[in-house]
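There's a structure below that I have some questions on.
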Amino acid sequence: MSNSSPLFDASRPFPALQTSFSPTLPPLLPRAMDENGKRRRLDSPHGSSLYSGDRVPRRRATDASPNPYLSHRRDAHNPWTGRPYSEAYYDILRVRRKLPVYDARARLMECLRAHNVVVLEGQTGSGKTTQVPQFLAEAGFCDGGMRIACTQPRRVAAMSVAKRVAAEMDVRLGDHVGYSIRFEDRTSRETKLKYLTDGMLLREAMKDNLLKAYSAIVLDEAHERTLSTDVLMGLLKGVLKKRPDLKVVVMSATLDAQKFQDYFDGAPLLSVPGRVFPVDIIYSPQPEDDYVDAAIRTVISICRNEPTGDVLLFLTGEEEIEESCRKIEEELRPFERAYGPVVVLPLYGSLPPDRQQKVFADPPPPLYHGGPPGRKVICATNIAETSLTIDGVVYVVDTGFSKQKIYNPRVRVESLLVQEISRASAKQRAGRAGRTRPGKCFRLYTEESFHKHLIETTHPEILRSNLGNVVLQLKTLGIDDLVHFDFMDPPAPETLMRALELLNYLGALDDEGDLTSFGKLMSEFPLQPESSAALIRSPQFQCSNEVLTIVAMVSSAQNCFVRQKKKDKNAMRGRPPHEQFMDAEGDHLTLLNVFHAYKEKDKERGGASQWCWDNYLNQRALRTAGNVRTQLERTMRGCNLALVSTDYQSIHYSSNIRRALLSGYFMHVAHRNGKEYQTVKDNQKVKLHPSSGMRGNPAWVLYNEFVFTKTQYIRTCAKVEGKWLVEQAPHYYDLSNFPGGSAKEELRRLYRKKAKRSLPENERRRGR
DNA sequence: GAGCACTGC
């Protein structure tokens with residue numbers, strides 16, 4: 001995997017921002033208040049620390065600072081490596097010293113001396129992500145073989161920041177500074193400062209419940225409130241009670257800092273100035289009927305009336321974005337000579353990386369000498385709100401909507417719905433206009449609705465998700481009492497009940513709610529609980545190799561099938577390119593066929609690129625599935641689970657696989673009632689997704705996913721036999737606890753049949 | 001016949 005990132009170029013200095021210190025600091029805390037344990041941590045046995053003993057400076061660190069980690073002297077040696085500093089080190093050091101966060105260093109250490117948790121607020125660009133972990137390292141937190149962790153919600157960030165910090169410390173990436181993300185561990189025994197994704201630290205906590213490897217943990221981007229960050233925060237609160245030596249820095253954008261302080265029992269707050277340039281906010285005078293239409297009009301008006309500068313438009317999804325791009329381009333083309341050339345670019349997650357990269361290119365030059373300069377118009381999803389930062393944007397158009405995940409515990413369905421954004425989100429979007437110079441943000445809603453209608457902050461993910469995996473993780477972490485677990489925002493009791501119920505049916509928790517050995521095994525796998533259960537049981541059905549591939553394919557988010565465009569369809573004369581892979585008995589088997597075919601081609605010289613292209617397959621998705629499969633296979637071996645296959649020629653090949661899948665997915669089954677399908681127990685009316693290649697309208701189908709759009713669909717389906725249900729999951733298909741309907745009648749019949757079969761031969765005869 | 005905000009292990 002490449003280390004380069006559009007977000008980050010290690011060869012370029014960070015932009016120098018405001019250098020003045022924020023006046024909003026709390027009064028200085030009494031120094032050396034606490035003599036136990038914490039002192040030891042701050043004192044370096046080598047006396048190398050700037051903050052050791054009584055030499056804690058009250059003034060700002062200056063060039064005369066004795067800190068060997070920050071020496072400006074040309075003859076100085078790098079205390080990490082013992083080697084002389086490189087030229088580049090001094091160049092970077094000059095830039096570092098101008099970062100706003102640099103001035104907060106002494107204050108941060110003062111706070112950490114008296115408190116175990118400190119909240120630090122400052123926007124991206126203040127330098128907190130790169131500097132704060134270094135401050136801790138310089139203060140001696142790495143002594144005695146201890147490490148410092150800094151979490152990030154995203155992999156690219158963990159990677160690129162580690163790369164930058166290694167350059168700043170003048171060490172090789174992977175030596176003293178490293179990162180750890182899924183599929184890639186760039187750390188060594190020497191690593192003192194470790195950047196990792198929040199999910200990765202959670203994984204580590206499952207092995208090392210008290211996180212004993214770390215002396216300090218920095219939670220970055222805590223305001224994003226990812227599932228993993230929320231779980232980590234709750235976990236750390238507990239760990240702190242048992243480890244008074246542990247220090248935690250919670251870093252957040254300048255939103256909600258109070259909430260973090262309250263949650264961590266009045267932790268002190270440090271503020272670092274952030275915002276670079278002012279952004280003018282312009283509201284719509286009246287509510288807009290059609291926000292896409294209004295957005296297109298606004299963009300066109302900016303291009304015709306406003307001075308040069310790139311435009312960023314926030315929409316909700318691929319379809320809207322492609323439509324808007326087309327319309328904006330059409331409308332502006334006739335005016336290019338008058339207003340300058342415009343490049344209109346889409347930006348959303350499922351776009352291939354090379355097309356995403358285009359938003360970072362320079363805007364087009366004037367059409368003719370002395371003509372008006374060109375600009376970029378970027379139509380983006382929420383990806384541009386957090387994940388990708390595009391410099392040069394001066395105008396932001398905010399429709400006020402985004403797609404958000406919602407979980408309905410009553411029907412156990414997660415769905416994506418277009419929703420109004422929060423005020424925090426609107427502020428974040430507006431901020432994207434002020435990164436290089438003063439900007440403007442056009443909000444396509446009224447000022448009144450901004451203040452009265454929008455909620456303060458987006459509901460954290462933990463309130464909008466199915467918590468099956470979270471509960472399994474917490475149980476593995478040794479948390480028995482989930483109801484009283486200290487969540488920053490406690491999920492609905494019903495959501496927790498659903499998760500406990502799911503894990504109980506799967507066999508991960510016993511009836512007392514305690515983790516079983518099967519559940520312990522399940523938690524080893526980075527999969528949905530249903531997939532983990534199916535995978536662990538698959539050796540019993542002689543098909544773990546196959547189920548391994550299927551769960552890898554299903555869990556690697558991206559759809560490997562590329563949709564054909566209309567004109568391609570005409571050229572193909574009707575034969576859909578994916579038909580060759582289709583299995584009439586189940587889409588899971590289709591996925592297996594695709595993967596096998598891909599692997600065959602991948603072995604050949606020249607790889608599978610052309611073949612994927614010709615067959616409308618997404619090579620990146622298949623490669624990811626391959627990586628996931630490798631990781632899962634390693635875990636299987638580590639757990640002593642057999643890797644076995646049924647002969648492809650055997651009549652049991654397909655049924656074994658489908659039975660194995662059912663052993664984890666028995667709660668995802670629909671029954672045919674006349675022409676339509678109904679999910680079992682919940683009795684939701686669903687249709688087979690049109691992409692399904694399954695044929696013959698079987699009475700019972702297992703499905704991977706319930707998709708709720710205009711209609712309710714079940715996607716990735718496989719035929720199962722009714723008798724398997726009563727054989728494999730009688731605890732779930734228990735008629736005394738089953739809502740009425742056609743499925744129940746059918747099950748009753750199957751149970752009677754099963755009972756008869758199990759009677760000895762002579763009794764059965766007598767019974768007749 | 002129809003769809004995919006965004007992450008992460």
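Chain letters run A, B, ... following the sequence lines, proteins first, then strands; residues in each count from 1.
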Hey, does the Lys NZ or Arg CZ of A:Arg464 hover above the aromatic six-ring of A:Tyr407, less than 6.0 Å from the centre and inside 45° of the axis?
no
Have a look at A:Lys405 and say if it touches a base, only the backbone sugar-phosphate, or nothing, with a 4.0 Å heavy-atom cut-off.
base
Could I get the full list of salt bridge (Lys or Arg N to Asp or Glu O under 4.0 Å) partners for A:Arg203, not counting sequence neighbours?
none
With nearest nucleotide decided by heavy atoms, which residue, A:Gln473 or A:Tyr348, maps closer to the 5′ end of DNA chain B?
A:Tyr348
If I take atom CG in residue A:Leu196 and atom P in nucleotide B:dG8, what distance separates them, rounded to the nearest angstrom?
13 Å
A:Arg715 side-chain N/O to B:dA2 phosphate OP1/OP2 under 4.0 Å
no
Of the listed nucleotides B:dC6, B:dA5, B:dA2, the one nearest the side chain of A:Glu318:
B:dA5
May I ask you to check if A:Arg715 and A:Tyr703 form a cation-pi contact, with NZ or CZ under 6.0 angstrom from the six-membered ring centre and within 45° of the axis?
no
Side-chain polar contacts of residues 688-695 of chain A - donor-acceptor pairs under 3.5 angstrom, sequence neighbours left out - could you list them?
{"from": "A:His689", "atom 1": "ND1", "to": "A:Ser691", "atom 2": "N", "distance (Å)": "3.2"}
{"from": "A:His689", "atom 1": "ND1", "to": "A:Ser691", "atom 2": "OG", "distance (Å)": "2.8"}
{"from": "A:Ser692", "atom 1": "OG", "to": "A:Asp587", "atom 2": "OD1", "distance (Å)": "3.3"}
{"from": "A:Ser692", "atom 1": "OG", "to": "A:Asp587", "atom 2": "OD2", "distance (Å)": "2.9"}
{"from": "A:Ser692", "atom 1": "OG", "to": "A:Met694", "atom 2": "N", "distance (Å)": "3.2"}

A:Leu632 CG - B:dG8 P separation (whole Å):
17 Å
A:Ser402 near the nucleic acid: base, sugar-phosphate alone, or nothing, with a heavy-atom cut-off under 4.0 Å?
nothing
Under 4.0 angstrom, heavy atoms only, what part of the nucleic acid is A:Ile383 near: base, sugar-phosphate, or nothing?
sugar-phosphate
Minimum-distance nucleotide to A:Leu416 side chain [options: B:dC4, B:dA2, B:dC6]
B:dC4
Calculate the interatomic distance between A:Asn382 atom CG and B:dC4 atom P; express it in whole Å.
17 Å
Contact class for A:Val418 (heavy atom, under 4.0 Å): base, sugar-phosphate, or nothing?
nothing
Please state whether the phosphate of B:dC9, meaning OP1 or OP2, lies under 4.0 angstrom from any side-chain nitrogen or oxygen of A:Arg155.
yes
Expressed in angstrom and rounded to an integer, what is the separation of A:Ile321 atom CD1 from B:dG3 atom P?
17 Å
Let's see if you can work this out: which of B:dC9, B:dC4, B:dC6 has an atom nearest to the side-chain heavy atoms of A:Ile181?
B:dC9
Rounded interatomic separation in angstrom, taking CD from A:Gln404 and P from B:dA5:
13 Å
Would you mind reading off the distance between A:Gln152 atom CD and B:dT7 atom C1', rounded to a whole angstrom?
13 Å
Look at all strands and tell whether A:Thr197 reaches a base, only sugar-phosphate, or nothing, counting heavy atoms closer than 4.0 Å.
sugar-phosphate
How close or far is atom P of B:dC4 from atom CD of A:Glu320, stated in whole angstroms?
14 Å
Between A:Lys403 and A:Phe525, whichever has its closest DNA chain B nucleotide further toward 5' is A:Lys403
Give the C-alpha distance, both sets of side-chain angles, the deciding distance and a yes or no for ring pair (Phe, Tyr, Trp, His ring centres under 6.0 Å) between A:Tyr291 and A:Phe401.
CA-CA 9 Å; A:Tyr291 66 85; A:Phe401 291 97; 4.7 Å; yes
Taken to the nearest whole Å, CZ/A:Arg429 to C1'/B:dC6 is 12 Å
Counting the atoms with a prime plus P, OP1 and OP2 as sugar-phosphate, which does A:Arg154 contact under 4.0 Å by heavy atoms, base, sugar-phosphate, or nothing?
sugar-phosphate
One thing to verify: whether A:Glu461 and A:Lys405 come together as a salt bridge, which I'm taking to mean a side-chain N less than 4.0 angstrom from a carboxylate O.
yes
